[in-house]
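Okay, so here's the structure we're looking at.
Everything numeric in this text was worked out from a predicted model, so none of it was measured.
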Amino acid sequence: MKFVSFRKDGAVRLGVLADDGIIDLNQAQPQVPADLGAALQAGVDLQAAAKAAIASSAPRLPADSIAYAPVVPRPGKIICLGLNYFDHAKEGGRDKPEYPWFFFRGATSLLAHGEPTVRPRVSDKFDYEAELAVVIGKAGRHVKRDQAMDLVFGYACFNDISVRDYQKRTPQWTIGKNFDATGAFGPHLVTADELPAAAKGLSIKCRLNGQVMQDANTSDMIFDIPETIELLTEVLTLEPGDVIVMGTPAGVGQARNPQVWMKPGDVVEIEIEKVGLLRNPVTAEA
């Protein structure tokens with residue numbers, strides 16, 4: 001099952017992808033909140049509601065007619081991992097981390113599939129990062145890794161775009177990861193039952209203007225999804241609608257010789273096997 005958040009009449013709506021278009025799920029099944037995060041928090045059986053909507057005569061919207069929103073428009077928490085692929089840690093001159101390098105993003109940094117990512121006026125060191133996003137469907141604290149996948153509702157593509165000089169201004173990376181319109185999230189969410197266990201064995205790529213810049217596999221993660229959830233829930237409660245962004249492989253622009261920075265007019269794509277293709281143009285801040 002695939003869910004999508006989209007904008008209509010100034011509001012964000014929750015849709016389900018059918019073979020013949022997108023169904024507004026709240027319109028077809030009024031018990032379902034119109035926001036994916038709110039629907040997850042309410043404990044709605046989204047898969048059952050989606051199946052009923054698809055089987056009904058509910059109106060279909062052409063997939064190419066919608067204006068996408070970030071998959072979860074305003075997550076309660078966006079928890080990101082740094083240096084979570086062996087080759088990326090190496091290209092950054094670091095050893096394998098003994099514990100995940102966690103940092104947070106805020107919801108104001110998010111943007112949707114098709115929306116321009118904005119290179120800020122204060123920096124030209126604007127870098128791409130292909131990542132897998134995990135969307136939490138159930139709350140959990142002190143969850144062991146053999147039960148961790150019970151918390152996962154689904155997955156989406158994410159581009160953890162980084163302003164590198166700001167990222168390096170402090171020992172913690174948060175400031176360089178929270179510029180507006182730098183966390184691309186979409187185009188849709190694929191439910192966990194559609195993918196291999198813990199989303200392992202999937203090709204993950206980044207293309208910049210059609211050129212492959214990153215090409216790896218989700219099995220190359222240092223800390224996989226179950227272990228990450230176990231470690232996080234030692235500390236905090238994961239809640240429905242929270243997002244975990246699982247880190248990027250080698251090939252980032254900062255590590256290249258010469259370095260490659262995204263610039264206005266570029267188009268960046270993140271593609272993850274069986275998950276989707278996230279595309280964003282690059283523009284300059286006014």
Side-chain angles (χ1 to χ4, degrees), residues 1-3 5 14 16 32-33 35-51 70-86 89 96-105 107 131-158 160 185 188-204 216-249 272-276:
M1 197 74 67
K2 294 181 179 179
F3 294 90
S5 295
L14 172 59
V16 60
V32 179
D35 175 282
L36 178 57
L40 292 171
Q41 291 162 17
V44 174
D45 188 339
L46 281 170
Q47 297 232 41
K51 288 176 183 176
V71 170
V72 183
R74 294 196 66 84
K77 294 188 284 293
I78 307 166
I79 306 166
C80 304
L81 279 73
L83 305 178
N84 196 34
Y85 282 74
F86 292 102
K96 172 187 171 182
E98 295 183 4
Y99 187 85
W101 288 44
F102 290 122
F103 60 92
F104 273 53
R105 267 189 179 269
E131 310 210 10
L132 176 70
V134 180
V135 176
I136 298 298
K138 296 179 182 178
R141 178 81 199 277
H142 296 302
V143 179
K144 297 301 182 185
R145 69 190 69 185
D146 60 352
Q147 297 177 320
M149 295 311 299
D150 293 342
L151 272 60
V152 175
F153 181 69
Y155 303 94
C157 299
F158 200 95
D160 184 38
F185 187 18
H188 48 247
L189 176 146
V190 180
T191 52
D193 59 302
E194 297 282 328
L195 298 183
K200 289 189 175 181
L202 304 178
S203 167
I204 179 169
N217 191 285
T218 56
S219 292
D220 299 334
M221 292 179 188
I222 297 171
F223 300 97
D224 65 9
I225 293 165
E227 184 176 9
T228 297
I229 289 174
E230 180 180 66
L231 293 172
L232 283 172
T233 60
E234 287 177 351
V235 177
L236 53 79
T237 299
L238 286 174
E239 299 174 306
D242 285 348
V243 178
I244 307 172
V245 186
M246 293 299 302
T248 199
I272 303 177
E273 182 183 0
K274 300 182 180 179
V275 177

Please determine whether side chain to side chain contact (heavy atoms under 4.5 Å, CB included) holds for the pair L14 and L46, giving the CA-CA distance in whole Å, both sets of side-chain angles, and the decisive distance to 0.1 Å.
CA-CA 11 Å; L14 172 59; L46 281 170; 4.0 Å; yes

Going from CD on E239 to NZ on K138, what distance comes out if it is rounded to the nearest 0.5 angstrom?
16.0 Å

With side chain to side chain contact (heavy atoms under 4.5 Å, CB included) as the criterion, how do V71 and F158 come out once you've worked through the C-alpha distance, each side chain's angles and the decisive distance to 0.1 Å?
CA-CA 10 Å; V71 170; F158 200 95; over 6 Å; no

Mind checking the CG-OH spacing from L189 to Y155? Nearest 0.5 Å is all I need.
10.0 Å

Within the distance-only criterion (no hydrogens, no angle test), does the side chain of D242 pair as donor or acceptor with the backbone N or O of I136 below 3.5 angstrom?
no

Are the side chain of H142 and the backbone N or O of T237 linked by a donor-acceptor pair below 3.5 Å?
no

Is T191 close to F153 at the side-chain level, that is, under 4.5 Å between some pair of heavy atoms?
yes

Could you tell me which non-hydrogen atom of V190 sits nearest to which non-hydrogen atom of V275, and how far apart they are?
CG2-O, 3.4 Å

Between CZ on residue F223 and CG on residue L232, distance to nearest 0.5 Å:
11.0 Å

Nearest 0.5 angstrom please: E230 CD to L151 CG, how far?
12.0 Å

Rounded to the nearest 0.5 Å, what separates atom CD in E234 from atom NZ in K144?
6.5 Å

State whether R105 and D160 are salt-bridged, where the test is any N-O pair (Lys NZ or Arg NE/NH1/NH2 against Asp/Glu carboxylate O) under 4.0 Å.
yes

Under the side chain to side chain contact (heavy atoms under 4.5 Å, CB included) criterion, do I79 and F104 qualify, and how do the steps go?
CA-CA 5 Å; I79 306 166; F104 273 53; 3.8 Å; yes

Let's go through I78 and F185 carefully: what are the C-alpha distance in whole Å and the side-chain angles of both, what is the deciding distance for side chain to side chain contact (heavy atoms under 4.5 Å, CB included) to 0.1 Å, and is it a yes or a no?
CA-CA 11 Å; I78 307 166; F185 187 18; over 6 Å; no

Name of the residue among I244, T248, I225 meeting side chain to side chain contact (heavy atoms under 4.5 Å, CB included) with L132
I225

ring-ring contact (aromatic ring centres under 6.0 Å, His included) filter on F103, not counting sequence neighbours, yields W173

For a quick test of reading the model, state the closest non-hydrogen atom pair linking G247 to Y85 and the distance between them.
O-CE1, 3.3 Å

Note: K274-E194 ion pair, threshold 4.0 Å (strictly below)
no

Only pairs at least two apart or in different chains count here, so list each side-chain hydrogen bond (donor to acceptor under 3.5 Å, both in side chains) that has a residue in residues 38-50.
Q47-D193

Does T218 reach the main-chain N or O of L202 with its side chain, forming a donor-acceptor pair under 3.5 Å?
yes

Backbone N or O of E273 within a donor-acceptor pair of the S203 side chain at under 3.5 Å?
no

Do you know the tightest heavy-atom contact between L238 and T233?
CD1-CG2, 3.7 Å

Quick one: pull up CG in D224 and CE in M246 and give me the separation to the nearest 0.5 Å.
7.0 Å

Nearest heavy-atom approach of P249 to I204 is CG-CG2, 4.4 Å

If you take all heavy atoms of A156 and H188, which pair is closest and at what distance?
CB-O, 3.4 Å

Minimal heavy-atom distance between L236 and K77, with the atoms involved, is CD1-CE, 4.1 Å

Side-chain donor or acceptor of N84 paired with backbone N/O of M221 under 3.5 Å:
no

Keeping S5 on the side-chain end and P73 on the backbone end, is there a donor-acceptor pair under 3.5 Å?
no

